[in-house]
Amino acid sequence: MARRDTPPRWDRKMQQRLARGEAAALGELYDRFASLVHGLAHRVLGDEHAADAITREVFARVWENPESYDPKQGPLRSWVATLTHRLAVQRLRTTETAALAQDGTDDTDELERKVRRASVAARADYIVTSMPTPLRTALELAYFQRRDYRQTAADLGVTADEARRRLRLGLQLLSTAHDTPGTPPAQGGTR
């Protein structure tokens with residue numbers, strides 16, 4: 001069994017190949033992560049052209065600075081997703097601040113709420129696409145097909161207890177979408 005602090009072999013090799021300037025490595029990385037990058041950027045920005053620009057910028061930064069990825073800090077997929085999220089949020093803040101200035105308003109609270117909503121939505125998308133297939137499938141059946149845990153169990157060919165376990169774990173993972181570092185928890189209720 002691999003040690004927990006040992007990065008996946010593919011991630012280490014990819015980082016090394018990028019550091020050597022192998023164009024084929026960039027193409028392979030793009031093929032593997034372009035849909036993730038574009039999807040996250042589009043989810044944050046809500047604009048196809050802006051998402052395209054962020055996608056180009058992410059891969060340009062990876063190509064120009066491959067040493068900025070440290071395989072010991074986590075998977076390459078997570079690093080690329082974090083870079084995408086950061087750049088997309090920066091772009092959102094820049095464009096929204098410019099729009100507010102042009103309108104003559106200075107509603108930074110609304111801007112921060114919009115950024116927070118976009119960030120949570122993008123993180124939820126990432127969590128769902130990254131979670132193990134059994135958990136994702138159970139959640140999809142329960143949410144999109146409106147199945148309860150018994151129906152989900154029957155559809156998956158597992159016990160009701162196993163279906164409940166998968167749904168619970170999937171929902172626990174999804175609930176962490178609000179737990180982004182450096183942001184306060186969402187406020188609810190009445191004052």
Side-chain angles (χ1 to χ4, degrees), residues 1-47 50-93 114-140 143 166-186:
M1 178 180 233
R3 293 182 53 213
R4 179 140 170 73
D5 60 349
T6 304
R9 177 176 286 152
W10 187 90
D11 292 358
R12 283 193 320 267
K13 296 276 188 206
M14 179 57 67
Q15 195 268 344
Q16 292 166 354
R17 290 175 62 202
L18 289 167
R20 287 193 302 262
E22 289 184 31
L26 182 63
E28 189 178 326
L29 187 77
Y30 182 86
D31 290 345
R32 191 168 197 162
F33 296 128
S35 64
L36 167 70
V37 169
H38 189 271
L40 285 173
H42 190 271
R43 185 70 162 138
V44 170
L45 298 167
D47 177 9
D52 290 343
I54 293 294
T55 301
R56 286 189 300 274
E57 187 174 350
V58 166
F59 287 102
R61 285 195 182 199
V62 169
W63 177 249
E64 292 167 358
N65 303 299
E67 69 283 350
S68 62
Y69 167 64
D70 180 3
K72 293 177 184 168
Q73 296 298 316
L76 184 58
R77 176 185 174 90
S78 296
W79 180 75
V80 168
T82 301
L83 177 61
T84 303
H85 180 261
R86 187 170 35 94
L87 293 174
V89 167
Q90 284 175 349
R91 173 76 54 95
L92 180 64
R93 279 199 171 106
K114 186 172 185 174
V115 167
R116 174 107 173 111
R117 280 192 307 267
S119 294
V120 168
R123 182 159 165 73
D125 283 351
Y126 178 73
I127 290 169
V128 169
T129 60
S130 299
M131 72 175 47
T133 303
L135 302 182
R136 185 175 57 247
T137 303
L139 285 177
E140 287 171 349
Y143 184 76
R166 290 179 186 184
L167 290 168
R168 183 181 64 250
L169 289 173
L171 289 171
Q172 285 173 342
L173 281 172
L174 199 51
S175 73
T176 65
H178 287 282
D179 301 338
T180 54
T183 56

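Evaluation of the salt bridge (Lys or Arg N to Asp or Glu O under 4.0 Å) test over residues 52-63, restricted to residues two or more places apart or in two chains, returns E57-R61, E57-R91. Screening residues 125-134 for salt bridge (Lys or Arg N to Asp or Glu O under 4.0 Å), with sequence neighbours left out, gives R43-D125.
Qualifying side chain to side chain donor-acceptor pair (under 3.5 Å) partners for K114, counting only residues two or more places apart in sequence or in other chains: E96. Applying the salt bridge (Lys or Arg N to Asp or Glu O under 4.0 Å) test to R117 and every residue at least two apart in sequence or in another chain returns E110. In terms of the side chain to side chain donor-acceptor pair (under 3.5 Å) criterion, residue partners of R93 (sequence neighbours excluded) are, by chain and number, E112.
Considering every non-hydrogen atom in both L92 and A118, the closest pair reads CD2-CB, 4.1 Å. Nearest heavy-atom pair, A41 versus A88, reported as atom, atom and distance to 0.1 Å: CA-CB, 4.2 Å. Shortest non-hydrogen contact noted between W79 and S68 is CZ2-OG, 3.2 Å. The nearest pair of heavy atoms linking V44 to A122 is CG2-CB, 3.5 Å. The two residues Q15 and P66 have their closest heavy-atom pair at NE2-O, 3.2 Å. The nearest pair of heavy atoms linking L173 to M131 is CD1-CB, 4.0 Å.
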Between Y69 and L83, is a side-chain contact (heavy atoms from CB on, under 4.5 Å) present by the stated rule, with each step listed? CA-CA 10 Å; Y69 167 64; L83 177 61; over 6 Å; no
For residues 27-36, which side-chain N or O atoms pair as donor and acceptor with protein atoms under 3.5 Å away, sequence neighbours left out?
residue: E28; atom: OE1; partner: R17; partner atom: NH1; Å: 2.9
residue: E28; atom: OE2; partner: W10; partner atom: NE1; Å: 3.1

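Here the OG-CZ distance, from S119 to R86, works out to 13.0 Å after rounding to the nearest 0.5 Å. Atom CG in L18 sits 11.0 Å away from atom CG in N65 (nearest 0.5 Å). How far CZ of R136 is from CD1 of I127: 13.0 Å, rounded to the nearest 0.5 Å. Atom CZ of R9 sits about 14.5 Å away from atom CE of M14, to the nearest 0.5 Å. With rounding to the nearest 0.5 Å, the separation of OG1 in T82 from OH in Y126 is 7.0 Å. Distance check, rounded to the nearest 0.5 Å: OG1 of T133 to CD of E140 gives 9.0 Å.
Using a 4.5 Å cut-off on side-chain heavy atoms (C-beta onward), L45 and I54 make contact. In this structure, the side chains of T176 and Q172 stay at 4.5 Å or more apart for every pair of heavy atoms.
For D11 (side chain) and L76 (main-chain N/O), a donor-acceptor pair under 3.5 Å exists by modelled atom type.
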